[in-house]
Amino acid sequence: MNVVDSEVVVAILQKQDYEVTETMEEANLILVNTCSIRDNAEQKVNNRIKEFGAQKRKNKNLVVGVIGCMAERLKEKLLEEERSVDLVVGPDAYRELPALLTEVESGQKGINTLLSLEETYADLSPVRLDKNHVSSFVSIMRGCNNFCAYCVVPYTRGRERSRDPETIEREVKELFDAGYKEVTLLGQNVNSYRWSFNDEAKADTSSSAEASEDAIKFEALLERIAKISPQLRVRFATSHPKDMSDELLMTMAKYPNLCRSIHLPVQSGSTAVLKRMKRGYTREWYMNRIEAIRKYLPEATISTDIIAGYCGETEEEHKETLSLMKWVGYDLAFMFKYSERPDTFAAKKYEDDVPEDVKTKRLSEIIALQGTLSLEGKKKDIGKVYEVLIEGTSKKSKEQLFGRTSQNKVAVFTANGQKPGDYVMVKVNDCTSATLLTTLLEDEY
Ligand code: SAH
Ligand code: SF4
């Protein structure tokens, strides 16, 4: 999400004749787009700010700005505590950047951390900063209303709002016309996407049923995007288990270019922990949704996010996470130690009482198990044939290209004149826990 937001910021600044530089030394303006999700993300930013401070001593005209979630969370404090910071801009105030930069040029500090109920930057075409021009992100909504007890996002990114589907479709078409072959639709909770063209007018009528009938939900948006071209792969992240409906899965089943991989963060396998997390579902509900995925999309892989050592987590509850991981057989997982975020429900209500060494031990058990599951999942692919969208040259050898299957598994193979953006068929010979080792099937394609 920060990648897309940075691309929006570049679009805004290019209109003011700013250009992107390759290195920090060439720049007169450095903006660091920040994440507050865990304390270690913020610590990384603090270290970067120190580096920029050192650069400022070399270049007296350099302006340094902090944008994004940390700007929103810390506001004026950033200006008070970090002398090298000139500018602080929250995620909904990027349109104000040119005006704020003018203030900074006149010797003042610039700050705007107002959150908005409407801003989606829908009319702006992000300036793509990726190098390969194969795959790109498209933001379809902003903010989050879920208020999971541990999470800072609803505070730093504000209320949930969906983007006008016309502008989403236009942006995806532009990307496809420019040669992109894959888009990932982004939001904190994409499957609660909802757009009504007449929201304001409907507010005057007494019939809310009428309003919701007209609304475009996520599956309808997905269908519109899938229809742009069968040659365009479509992914999306992140889905919330409570909104993972059968209708969405049935829509996916209709379109082969809607990729067969679903990211469904579970956070914990224990119903009691999920309740303390305010996730809005139980272990059984989550398992039922996995069964629905298996039913409608039997070839889909499933990935997840897991938090180890949440407030009050017992050894039993941790074991429930391990057993659920085995039951699902995740192909991929993002795994984190719980990090208390100031002012969240959990920070106010619960004690962060799992000792650091226990968190570390539980996280390493989760990581080790996931390593085994990832390897097992890939071993099952040996002997099978997949279509791969080529993304680039393998780090290990120039002769080897890499790409992904629809299931989001990375495949490497020895190329024969193919290039990023091409689709090829490959046969899987072997694997590691992260990669499918494959051979190109040229004749069959
Ligand atoms: N909106 C998405 C995820 C957003 S944040 C969702 O709800 O699934 C990405 C991941 O960071 C979360 O899924 C969670 O696993 C992790 N995370 C969020 N807050 C955290 C915290 N305080 N400590 C540790 N991990 C956290
Ligand atoms: Fe955070 Fe929960 Fe919203 Fe995801 S759904 S961003 S975890 S509050």
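Start at 1 and go down the list; that is how both ligands and their atoms are numbered.
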*Distance filter under 2.8 Å, centred on atom 3 (Fe) of ligand 2 - protein N, O or S atoms that pass it*: Cys144 SG

For the residue pair [X] and [Y], confirm or rule out a side-chain donor-acceptor distance under 3.5 Å.
{"X": "Asp331", "Y": "Ser303", "value": "no"}
{"X": "Asn408", "Y": "His263", "value": "no"}
{"X": "Thr251", "Y": "Glu219", "value": "no"}

*Looking at Tyr150 versus Phe345, is the centre-to-centre ring distance below 6.0 Å?*
no

*Answer yes when Arg276 and Glu317 have at least one side-chain N-carboxylate O distance shorter than 4.0 Å, and no when they do not.*
yes

_Could you check whether Arg170 pairs with Glu166 (Lys NZ or Arg NE/NH1/NH2 to Asp/Glu carboxylate O, under 4.0 Å)?_
no

Atom [atom1] of residue position [X] - does it have more than 12 heavy atoms of other residues, nucleotides or ligands inside 6.0 Å?
{"X": "Lys278", "atom1": "NZ", "answer": "no"}
{"X": "Glu22", "atom1": "CD", "answer": "no"}
{"X": "Gln43", "atom1": "CD", "answer": "yes"}

*Going by the salt bridge (Lys or Arg N to Asp or Glu O under 4.0 Å) test, name the single residue among Arg161, Arg159, Arg157 that passes it with Asp92.*
Arg161

*Identity and distance of the protein heavy atom lying nearest atom 7 (S) of ligand 2*: Tyr150 OH, 3.3 Å

*Would you mind running through ligand 2 and noting each atom that sits below 4.0 Å from a heavy atom of Arg279?*
2 (Fe), 7 (S)

Show the short N or O contacts, below 3.5 Å, that ligand 1 makes with protein N or O atoms; if there are none, say 'none'.
| from | atom 1 | to | atom 2 | distance (Å) |
| --- | --- | --- | --- | --- |
| ligand 1 | 1 (N) | Gln188 | O | 2.7 |
| ligand 1 | 1 (N) | Gln188 | OE1 | 2.9 |
| ligand 1 | 7 (O) | Arg279 | NH1 | 3.3 |
| ligand 1 | 11 (O) | Arg38 | NH1 | 3.0 |
| ligand 1 | 13 (O) | Gln267 | NE2 | 2.8 |
| ligand 1 | 13 (O) | Asp305 | OD2 | 2.6 |
| ligand 1 | 15 (O) | Gln267 | OE1 | 2.6 |
| ligand 1 | 17 (N) | Arg38 | NH1 | 3.4 |
| ligand 1 | 22 (N) | Tyr150 | O | 3.1 |
| ligand 1 | 22 (N) | Ser339 | O | 2.8 |
| ligand 1 | 23 (N) | Ser339 | N | 3.0 |
| ligand 1 | 25 (N) | Arg38 | NH1 | 3.3 |

